[in-house]
S.K.: 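Dumping the structure here so I can ask a few things about it.
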Amino acid sequence: MSRPVRTRGAPSAVGVLVPAHDEAATVAACVRSVLTALDHTPGLTARALCVVADRCSDATAALARAAAATHPAAARVRVTVLEPTAGVAPLPGGRPVQRPHGVAGPVTIGAVRELAARTLATLLAADGATPATTWLLGTDADGTVTPGWVAAHLTLAAAVADAGAGGVVLDLPGLPRPPGEPAPPEHPVYGANLGVRADAWAAVGGFPPLACGEDHGLVARLRAGGYRVVPGAPGTVRTSARTRGRARGGLADLLRDAGPALPQPRPGVGAGGAGMPVA
């Protein structure tokens, strides 16, 4: 299928979506890094960040709001923190319950990312952005991005990309490429480092409401629709090498399955320490 015709050029509006579930220990650092990256990108006419605190039993939402409010870029970035499942956490397979912010349970990570994406599209449209000039970026609350992360994605977008998929840097030094991860020229797809032009995202129906693999699902939809997904977005996202994650089937499960093959951290090196690229 040929690629759909759309307006070319670098996006002038960027929205970053961050799903979070009980990430009180890491969400503030994540929020600060994202705001810094947005603020370090010249030429943008609109910037936004949406954190979705999904079924949290800790202070994730409050800490995200506090980190945003005290950041120097607070006045230049639209920030919203949603709590769509506050007070409601049905068991898997339970009866769907209507919740605030338009999410009906049971909630999946795919539905959470889609809620954030829709929220960002609305916020940026209020600032005059159009879908063709809007870039939606995703990362995770247990990681941080570098100041050049947003600009690196926009470089891909300017090169006629409809989406960009990048790798991550794990916070465990010496960690090899996780088992099963494709080697270049193929590249892995991580929700922690995935960008898409808003018109392409909307045209394919957004993130599928999957319990895991929603990032792969979106990329599959884009490719099936003839949109150009460019691999190799710089691995400027540092993420946790934890083996007990928040979503089944995610990176944490992959690392846990590697078991004894994983190198052990050196004393004094942990989250936020030097990492090695895995993609």
Side-chain angles (χ1 to χ4, degrees), residues 1 3-4 6 15-21 50-55 82 84-85 88-122 124 131 134-143 153 157 161-168 180-182 186-231 233 237 239 245-254 279:
M1 183 182 296
R3 184 171 71 248
R6 62 169 180 79
V16 179
L17 59 97
V18 181
H21 175 66
C50 179
V51 178
V52 181
D54 172 38
R55 290 168 290 177
L82 305 180
T85 60
V88 183
L91 295 174
R95 181 173 177 271
V97 178
Q98 284 300 125
R99 298 194 172 102
H101 307 301
V103 172
V107 172
T108 64
I109 182 60
V112 169
R113 286 196 195 273
E114 183 64 10
L115 168 64
R118 286 190 280 110
T119 300
L120 289 168
T122 300
L124 294 169
T134 297
W135 192 255
L136 299 175
L137 264 171
T139 194
D140 290 338
D142 65 331
H153 267 270
D162 296 298
V168 296
E181 182 177 284
E186 294 296 325
H187 289 270
V189 173
Y190 293 111
N193 193 3
L194 181 63
V196 61
R197 200 177 288 260
D199 57 353
W201 156 77
V204 300
F207 287 94
L210 301 174
C212 69
E214 77 294 340
D215 42 7
H216 291 266
L218 175 60
V219 168
R221 286 181 171 186
L222 290 166
R223 287 175 171 156
Y227 290 93
R228 185 182 181 195
V229 181
V230 177
V237 176
T239 192
R246 302 296 187 262
R248 291 183 180 179
L251 179 60
D253 284 359
L254 186 63

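These figures come from a predicted structure and were not determined experimentally.
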S.K.: Got a second to check how far Leu222's CG is from Arg228's CZ, nearest 0.5 Å?
M.R.: 13.5 Å

S.K.: Could you give the side-chain donor-acceptor pairs of residues 207-219 under 3.5 Å, partners two or more places apart or in another chain?
M.R.:
unit_1: Glu214; atom_1: OE2; unit_2: Arg113; atom_2: NE; d: 2.6
unit_1: Asp215; atom_1: OD2; unit_2: Gly191; atom_2: N; d: 2.8
unit_1: His216; atom_1: NE2; unit_2: Val189; atom_2: O; d: 3.3

S.K.: Could you tell me which non-hydrogen atom of Ala20 sits nearest to which non-hydrogen atom of Ala141, and how far apart they are?
M.R.: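 Nearest pair, atom of Ala20 first, then Ala141: CB-CB, 3.6 Å.
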
S.K.: Where do Pro84 and Ala53 come nearest, in terms of heavy atoms and distance?
M.R.: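 So the two residues come closest at CD-O, 3.7 Å.
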
S.K.: Indicate the atoms forming the closest heavy-atom contact of Gly15 with Leu120, along with that distance.
M.R.: C-CD1, 3.6 Å

S.K.: First locate atom CG of Leu17, then atom OG1 of Thr119, and finally report the distance between them rounded to the nearest 0.5 Å.
M.R.: 9.5 Å

S.K.: Give the minimum heavy-atom separation between Pro19 and Val112, together with the two atoms involved.
M.R.: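 Taking Pro19 first and Val112 second, the nearest heavy atoms are CB-CG1, 3.7 Å.
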
S.K.: Testing the basics here: between Gly166 and Tyr190, what is the closest heavy-atom pair and its distance to 0.1 Å?
M.R.: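 Gly166 and Tyr190 have their closest heavy atoms at O-CD1, 3.6 Å.
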
S.K.: Looking only at heavy atoms, which two atoms of His21 and Asp54 are closest? And how far apart?
M.R.: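 Scanning both residues, the minimum pair turns out to be ND1-O, 2.6 Å.
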
S.K.: Under the criterion side-chain contact (heavy atoms from CB on, under 4.5 Å), which of Leu194, Asp140, Asn193 is the partner of Val237?
M.R.: Asn193

S.K.: What distance separates Asp199 CG from Trp135 CH2, expressed to the nearest 0.5 Å?
M.R.: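 These two atoms lie 10.0 Å from each other.
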
